[in-house]
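Only this structure's heavy atoms are used, side chains among them; waters, hydrogens and symmetry mates stay out.
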Amino acid sequence: DAVARRALSNDEVVARVLFDGLVLRSGDIDLIDGRVYAVMNEAGETTVKKYQMSPPALVPMSDNPNHEIIQIGRSPFVVIGRITYAGTKL
C-alpha cells in the first residue's frame, strides 16, 4: 500500500491508498449518516459500505446482488476507517 500524508486543520492524518483508488482515513470510526467506511467482519473479510442511520445499516456501494447489507447489531464488525476519496482511472 502506498501511504500518503496530508494536514487537516492542525492535525496530521495518515491515509492509506487502497485498491481502486480509495483513500482511507484510519481512526475516523464514528459512523455518520451518508459517509462511506471500510469495515471488517469477524472472519477478517473487509468491505466498503455507506452508513445509513435509519434503519441503522451499512449499505453496499454497488448494484452487485452478492454485496449484502450489514444490519447494525445483527453481526459483529469493526470499522477500520472512513473513505475520504474514491477515484478510478477512466
Side-chain angles (χ1 to χ4, degrees):
D1 295 349
V3 176
R5 289 186 179 269
R6 70 178 188 168
L8 290 177
S9 303
N10 294 326
D11 300 320
E12 187 139 310
V13 175
V14 176
R16 291 194 179 275
V17 178
L18 305 173
F19 59 91
D20 295 333
L22 298 177
V23 176
L24 170 76
R25 184 173 175 195
S26 60
D28 192 349
I29 60 172
D30 294 329
L31 297 176
I32 299 170
D33 192 38
R35 298 287 177 99
V36 179
Y37 297 88
V39 297
M40 182 173 52
N41 65 17
E42 62 187 340
E45 301 167 326
T46 58
T47 187
V48 173
K49 309 256 188 211
K50 181 185 284 189
Y51 174 66
Q52 73 176 25
M53 188 180 302
S54 183
L58 292 161
V59 181
M61 299 294 298
S62 73
D63 294 330
N64 185 333
N66 293 326
H67 297 174
E68 299 179 1
I69 293 174
I70 298 173
Q71 300 293 333
I72 305 294
R74 292 200 179 164
S75 59
F77 68 92
V78 173
V79 178
I80 299 167
R82 183 171 59 87
I83 302 298
T84 59
Y85 176 82
T88 59
K89 185 176 179 180
L90 301 176

**OP:** Might you work through the side chain to side chain contact (heavy atoms under 4.5 Å, CB included) test for Asp33 and Gln52, ending with a clear yes or no?
**Re:** CA-CA 5 Å; Asp33 192 38; Gln52 73 176 25; 4.1 Å; yes

Euclidean distance, [Y] [atom2] relative to [X] [atom1], rounded to 0.5 Å:
X     : Y     : atom1 : atom2 : answer
Glu45 : Met40 : CD    : CE    : 10.5 Å
Leu31 : Arg82 : CG    : CZ    : 11.0 Å
Phe77 : Leu58 : CZ    : CG    : 5.0 Å
Ile80 : Ile83 : CD1   : CD1   : 8.5 Å

Original post:
Heavy-atom distance under 4.5 Å between the side chains of Asn41 and Pro76, does that happen here?
Top reply: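 No, side chains not in contact.
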
Subject >> Any donor-acceptor N/O pair, Lys49 side chain to Ala57 backbone, under 3.5 Å >> reply: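 Looks like no, no N/O pair under 3.5 Å.
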
Original post:
Do Tyr51 side-chain atoms and Pro56 backbone N/O form a donor-acceptor pair below 3.5 Å?
Top reply: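 No, the answer is negative, given that no donor and acceptor are paired below the 3.5 Å cut-off.
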
Would [X] end up clustered with [Y] when hydrophobic side chains under 4.5 Å apart are linked, directly or stepwise?
X     : Y     : answer
Ile32 : Ile72 : yes
Met61 : Val59 : no
Val48 : Val79 : no

Subject >> Least distance between heavy atoms, Asp30 atom then Tyr37 atom >> reply: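 Shortest heavy-atom contact: O-OH, 2.9 Å.
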
**OP:** Considering non-hydrogen atoms only, spot the tightest contact between Ile70 and Ser75 and give its length.
**Re:**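 Scanning both residues completely, I find the closest heavy atoms to be CG2-OG, 4.3 Å.
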
Subject >> ILVMFWY cluster membership beyond Val78 - transitive side-chain contacts under 4.5 angstrom >> reply: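 Listed partners: none, Val78 stands alone.
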
Original post:
Counting heavy atoms not belonging to Gln71, are there more than 12 under 6.0 Å from its CD?
Top reply: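 Buried by this count: over 12 neighbours within 6.0 Å.
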
